[in-house]
Protein chains: 6
Amino acid sequence: MSGPILVLNPNSNAEVTAGLDRALAPFRLGGGPEIECLTLAEGPFGVESRRDGDAVILPMLALLRSRPEAAAVVVACYSDPGVETLREQLAVPVFGIQEAGVLAALARADRFGVIALSEASIARHRRRLRGLGLLERWVGEEAAALSVAESAHAPATLEEAGRRLTARGAGALVLGCAGMAEARGPLEAALGVPVIEPTQAAVALALHAVLAP
Amino acid sequence: MSGPILVLNPNSNAEVTAGLDRALAPFRLGGGPEIECLTLAEGPFGVESRRDGDAVILPMLALLRSRPEAAAVVVACYSDPGVETLREQLAVPVFGIQEAGVLAALARADRFGVIALSEASIARHRRRLRGLGLLERWVGEEAAALSVAESAHAPATLEEAGRRLTARGAGALVLGCAGMAEARGPLEAALGVPVIEPTQAAVALALHAVLAP
Amino acid sequence: MSGPILVLNPNSNAEVTAGLDRALAPFRLGGGPEIECLTLAEGPFGVESRRDGDAVILPMLALLRSRPEAAAVVVACYSDPGVETLREQLAVPVFGIQEAGVLAALARADRFGVIALSEASIARHRRRLRGLGLLERWVGEEAAALSVAESAHAPATLEEAGRRLTARGAGALVLGCAGMAEARGPLEAALGVPVIEPTQAAVALALHAVLAP
Amino acid sequence: MSGPILVLNPNSNAEVTAGLDRALAPFRLGGGPEIECLTLAEGPFGVESRRDGDAVILPMLALLRSRPEAAAVVVACYSDPGVETLREQLAVPVFGIQEAGVLAALARADRFGVIALSEASIARHRRRLRGLGLLERWVGEEAAALSVAESAHAPATLEEAGRRLTARGAGALVLGCAGMAEARGPLEAALGVPVIEPTQAAVALALHAVLAP
Amino acid sequence: MSGPILVLNPNSNAEVTAGLDRALAPFRLGGGPEIECLTLAEGPFGVESRRDGDAVILPMLALLRSRPEAAAVVVACYSDPGVETLREQLAVPVFGIQEAGVLAALARADRFGVIALSEASIARHRRRLRGLGLLERWVGEEAAALSVAESAHAPATLEEAGRRLTARGAGALVLGCAGMAEARGPLEAALGVPVIEPTQAAVALALHAVLAP
Amino acid sequence: MSGPILVLNPNSNAEVTAGLDRALAPFRLGGGPEIECLTLAEGPFGVESRRDGDAVILPMLALLRSRPEAAAVVVACYSDPGVETLREQLAVPVFGIQEAGVLAALARADRFGVIALSEASIARHRRRLRGLGLLERWVGEEAAALSVAESAHAPATLEEAGRRLTARGAGALVLGCAGMAEARGPLEAALGVPVIEPTQAAVALALHAVLAP
């Protein structure tokens with residue numbers, strides 16, 4: 001029997017972790033691996049800068065080294081902090097939610113867009129996509145100008161950001177933050193295109209890695 | 001309760017379908033969708049040319065229109081025949097195994113390679129990757145010079161093709177044919193890098209699309 | 001003496017074929033190959049979807065196999081349906097008008113734009129250009145929101161679409177439909193940049209292939 | 001009646017001009033434009049450096065200003081010297097043979113290669129292709145290590161260079177010098193892929209520009 | 001002791017040269033190379049076309065051949081005329097200010113923009129950037145619609161062009177003309193992002209080449 | 001009077017710092033800024049993994065916050081650890097030596113190569129170049145299979161790695177480690193192409209940022 005998929009929220013906001021836990025319920029299937037959501041106690045309340053992202057890498061590594069039974073790891077922060085380092089240091093598959101969310105979107109539409117919480121993160125996300133070599137089919141990223149707390153309730157600004165992206169040619173959208181999971185369904189219904197919740201996407205890819213016989 | 005994931009082998013070789021069926025067993029989880037493998041009776045014994053790929057599109061569409069209860073569709077041929085057309089014509093998510101296999105590989109390593117059955121398919125696969133905008137992290141494709149029947153048994157030529165790709169920098173490999181599923185595990189063990197069986201990858205992405213609440 | 005250049009309109013609208021026939025008159029030169037325009041009886045009245053494009057491939061192949069004396073083939077539909085398959089199956093050079101039109105534009109200006117009949121075709125054309133690796137010098141595609149029938153008469157909306165493209169930096173324009181041939185001259189006069197009628201471009205490239213000694 | 005297509009050899013080697021004149025004979029068709037080949041008296045005996053290419057630009061411009069009846073201009077040197085400047089300064093369409101040859105190759109195969117006379121020109125040609133944004137489908141350039149004089153006779157080294165390129169995936173070849181015209185047919189016969197003589201390609205594109213009504 | 005860095009203004013406007021001389025004063029350091037600014041007497045009053053740029057190449061080469069003691073050369077015109085040819089013909093390092101300015105900007109920000117004097121130069125500059133393979137991190141170029149003389153005084157239109165670029169994501173700006181040096185400091189103060197004067201950037205790179213032991 | 005340029009060696013090997021200090025002597029010019037080399041006491045003896053690079057970021061930031069008088073900062077490790085984070089957190093210009101070395105090489109040749117100490121770093125460097133959008137003119141990276149200590153003495157393996165890169169088309173080379181400074185001159189003499197010592201390149205770019213008035 002395989003070990004669990006660990007979904008690690010690198011900030012210390014347990015409400016975000018609880019939201020992820022709810023969003024991942026449908027992926028807990030009979031005979032499949034456990035999916036366990038963790039909060040990084042040492043993390044900041046939110047990862048809002050590159051410095052915040054750098055600061056959580058070694059604590060994440062220490063926490064994950066203490067869980068050698070894990071079958072796969074998901075880093076549940078859209079900045080993908082430490083993903084390459086964890087891959088270098090750990091034997092198990094490691095998934096970042098930005099890269100997983102974008103890969104899942106690429107499987108659903110020719111071109112995709114990203115909905116960010118704030119303008120400030122767009123340049124950082126774009127830079128990550130360039131590093132991944134995945135800008136070719138990206139139509140852009142639009143900010144909804146929300147706090148993480150507000151984002152969970154799918155307010156009108158999320159939908160407006162999504163409409164700007166579909167008008168620019170996006171056939172699928174990625175939610176650019178781990179804390180927007182509850183907005184996924186309503187947004188998809190409102191916009192008529194697939195909306196990817198990136199932690200779900202990462203868990204699906206982790207399931208693939210764990211289940212492949 | 002959602003409908004099944006239909007995995008459609010567009011050739012008429014029922015042994016290939018049976019092999020896929022076995023390879024997908026681990027993805028049939030309690031509470032998850034059924035995964036049903038189909039053989040396209042009108043298909044050629046193997047899809048070995050663009051013409052073969054074109055010829056199966058309308059029959060696949062007809063078959064899938066007769067199954068409106070499907071929750072998602074996987075086209076289980078590495079040439080991804082008809083994937084864009086099926087997306088245009090059907091309301092459910094449609095996955096091609098080449099694109100899914102490559103996306104799954106991108107989630108596992110910085111650069112990936114593809115093992116082809118034969119030299120003849122390399123140019124066609126490369127062209128598809130260009131169309132997908134996914135050549136940036138591709139190190140190349142190497143042919144094992146096998147028939148589909150031979151490929152299932154992981155002979156030495158598969159392993160040699162894989163070693164040529166890892167020597168060129170591939171950190172993950174994709175099996176470039178739907179009929180190589182049984183070789184996945186042995187190859188991964190022999191080569192020490194993730195080896196992606198592309199129909200499994202497509203089914204994992206289909207699970208994501210079906211399960212996201 | 002070489003055989004004819006066959007220009008195959010894959011829809012069944014004989015008026016479009018007749019328009020092409022008139023547009024190609026200047027390319028019928030003394031001592032050069034015949035240029036024969038054909039209508040595909042099995043084709044739809046217009047190719048308006050990927051499915052329509054897929055459906056004409058095998059009938060085109062059958063028709064062309066019945067004309068072994070052909071020296072070259074032009075597929076006169078801007079979606080380039082079946083071009084790669086015909087190249088795979090036939091010994092003669094095969095030209096698609098989208099790729100030919102774009103290549104001719106690249107010989108006339110640093111950057112080019114495309115005038116589409118309708119918004120719906122833009123994403124499909126863009127995807128084709130990505131597959132051809134020819135997006136680098138593309139400024140965009142603008143729709144004139146016309147039916148095929150209306151497009152022949154160079155109405156103001158064509159000119160407006162063209163002006164939006166030159167304002168974005170296009171130094172040459174491609175007409176994104178086989179049915180706009182009569183608009184070419186007036187548009188070029190109005191806009192002051194080369195306007196490429198893509199079937200003419202394809203026939204010029206076919207002449208090159210046939211005449212090279 | 002339109003004026004002539006002027007094909008300007010920017011070196012002073014009249015034998016090269018005579019070879020072009022013979023190669024273009026099949027493009028002189030009844031009712032079509034005259035095709036007149038010119039030697040640039042002020043040019044060097046061969047254009048073998050960037051400096052040589054720069055030095056011919058103003059003399060070419062002066063010569064062409066003295067021929068206002070021209071309908072189109074072809075610069076028959078594979079370095080494409082002065083092509084952008086002539087386009088800026090003259091009202092008629094101007095074609096460079098490198099860009100025309102490559103565009104014609106792109107209409108014949110998914111990927112192409114170039115046969116150079118000498119190693120020294122490869123980096124220059126590659127840089128030109130990057131400037132044209134046309135490296136995506138280029139498999140490489142191989143040198144035959146010949147003088148211009150030797151190249152006309154299709155020696156074995158040309159064929160060997162071509163075979164190295166087809167082995168790397170080239171489905172069409174471009175002769176990377178204006179002086180290789182006589183080798184085109186024999187090479188095509190020997191190698192089994194289209195071989196493009198670039199001055200012929202440029203004249204075909206010039207015919208298109210002149211004939212489009 | 002090394003020879004001087006020669007900064008060659010290829011137009012005959014001595015006021016531009018004098019402005020560069022003042023802008024370079026801070027780079028004249030004790031123990032470092034002399035920095036000598038030269039005006040090309042044969043040059044036009046301004047380089048405003050590709051033809052102008054071509055016309056100065058051989059005179060620049062002649063002038064520089066007469067100064068064999070030079071340790072490095074800077075071509076102080078944003079079109080980078082003759083840079084490749086001078087590199088081919090001279091043994092010393094040669095720097096073009098467009099490429100140097102852009103490289104310096106890339107060292108200061110993830111994405112950069114360029115402020116042009118006039119709309120007319122934007123397409124030429126963009127083409128140069130494509131040739132350099134450096135468009136990936138370029139957000140665009142905006143024209144201030146100034147004459148060279150006006151540009152020295154940092155009028156409001158320069159600042160407005162800069163603001164349009166920072167709004168599009170530019171984290172650093174390059175002045176797209178050798179004559180804007182006096183505007184650099186005020187613009188940087190007004191806009192809050194690094195503003196690169198490209199001749200200064202080229203001299204810094206020349207210092208590197210000369211001083212490396 | 002401006003503050004110093006701080007050159008921070010993020011490993012704790014003071015010999016590497018001393019080597020940099022010697023290599024930077026020529027850049028200490030009368031009237032220019034001081035150039036002060038620092039060793040990060042908290043750093044590992046060598047930065048040999050992504051984890052090592054992550055671990056030095058916060059200590060570097062703390063050290064640099066204690067030096068508010070600095071005019072510019074150079075991170076003297078070829079992995080560019082923390083460069084983006086330091087830019088985000090500090091008001092002064094920050095330069096990474098990989099990016100600076102590559103930018104300096106781009107100013108010297110059309111295509112460049114990198115000499116790595118070991119195979120293990122090549123994939124990491126390549127990934128950084130993709131993130132910088134600077135792979136277009138990169139011919140490759142070759143490893144000399146040396147320890148840092150050995151690398152200072154320009155052994156034959158460095159020269160051999162360089163020759164493999166020039167044979168592949170590199171017109172300039174970058175030393176892919178901060179500890180190879182003494183090898184620069186001998187390698188350049190042996191290979192006949194510019195060899196860039198990346199800390200020198202970064203200091204030159206820092207001088208530009210500090211001196212621009």
Side-chain angles (χ1 to χ4, degrees), chain D residues 8 10 40 42-44 46-66 73 75 77-92 94 96 98-99 102 118-136 138, chain E residues 8 10 40 42-44 46-66 73 75 77-92 94 96 98-99 102 118-136 138:
Chain D
L8 177 48
L40 187 72
E42 298 92 333
V47 172
E48 289 174 358
S49 64
R50 281 197 65 108
R51 190 204 159 286
D52 287 347
D54 293 337
V56 299
I57 299 176
L58 297 190
M60 286 198 294
L61 180 58
L63 184 154
L64 292 167
R65 283 204 194 285
S66 76
V73 169
V75 177
C77 168
Y78 202 76
S79 299
D80 286 349
V83 167
E84 281 76 28
T85 299
L86 296 176
R87 283 184 184 145
E88 174 192 86
Q89 297 287 321
L90 300 175
V92 293
V94 176
Q98 181 172 176
E99 66 179 25
V102 167
S118 66
E119 285 290 338
S121 55
I122 293 178
R124 209 161 66 232
H125 295 169
R126 181 190 176 120
R127 184 160 189 154
R128 171 78 176 153
L129 285 180
R130 190 197 301 128
L132 294 173
L134 295 176
L135 278 171
E136 176 72 34
W138 174 78
Chain E
L8 177 49
L40 187 72
E42 298 91 335
V47 171
E48 289 173 358
S49 64
R50 281 196 65 107
R51 192 206 157 282
D52 287 348
D54 293 338
V56 299
I57 299 176
L58 297 190
M60 286 199 294
L61 180 57
L63 186 153
L64 292 167
R65 285 205 193 283
S66 76
V73 169
V75 177
C77 169
Y78 202 76
S79 300
D80 287 349
V83 167
E84 280 76 29
T85 300
L86 296 176
R87 283 185 184 144
E88 174 192 86
Q89 297 287 320
L90 301 174
V92 293
V94 176
Q98 181 172 176
E99 66 178 25
V102 167
S118 67
E119 286 291 337
S121 53
I122 293 179
R124 209 161 64 232
H125 296 168
R126 181 189 178 122
R127 185 161 188 155
R128 171 80 177 151
L129 284 180
R130 189 195 304 127
L132 294 173
L134 295 176
L135 278 172
E136 175 73 34
W138 173 77

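Here is the naming used below: chain letters follow the sequence lines, and residue numbers restart at 1 for every chain.
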> Side chain, backbone, both or neither: which part of D:Gln89 has a non-hydrogen atom closer than 4.5 Å to chain E?
Replying inline: side chain

> Roughly how far, to the nearest 0.5 Å, is CZ of D:Arg50 from OG of D:Ser79?
Replying inline: 9.0 Å

> Which residue out of D:Ala55, D:Gly133, D:Ser49, D:Gly82 racks up the most heavy-atom pairs below 4.5 Å with chain E?
Replying inline: D:Ser49

>> Whether E:Glu84 and E:Arg128 form a salt bridge (side-chain N of Lys/Arg under 4.0 Å from carboxylate O of Asp/Glu) is what I want to check.
In response: yes

>> With a 4.5 angstrom heavy-atom cut-off, is it the side chain or the backbone of E:Glu88 that approaches chain D, or both, or neither?
In response: side chain

>> So for D:Leu135, is it side chain, backbone, both, or neither that comes closer than 4.5 Å to the heavy atoms of chain E?
In response: neither

> When heavy-atom pairs shorter than 4.5 Å are enumerated against chain E, which of D:Arg130, D:Arg87, D:Arg124 gives the highest number?
Replying inline: D:Arg130

> Heavy-atom distance under 4.5 Å between the side chains of D:Asp80 and D:Val75, does that happen here?
Replying inline: no

> For the candidates E:Leu58, E:Leu86, E:Asp54, which exhibits the highest count of non-hydrogen atom pairs separated by less than 4.5 Å from chain D?
Replying inline: E:Asp54

> Would you call E:Met60 and E:Leu40 a side-chain contact if the rule is heavy atoms closer than 4.5 Å?
Replying inline: yes

> Is any side-chain heavy atom of D:Leu132 less than 4.5 Å from a side-chain heavy atom of E:Arg127?
Replying inline: yes

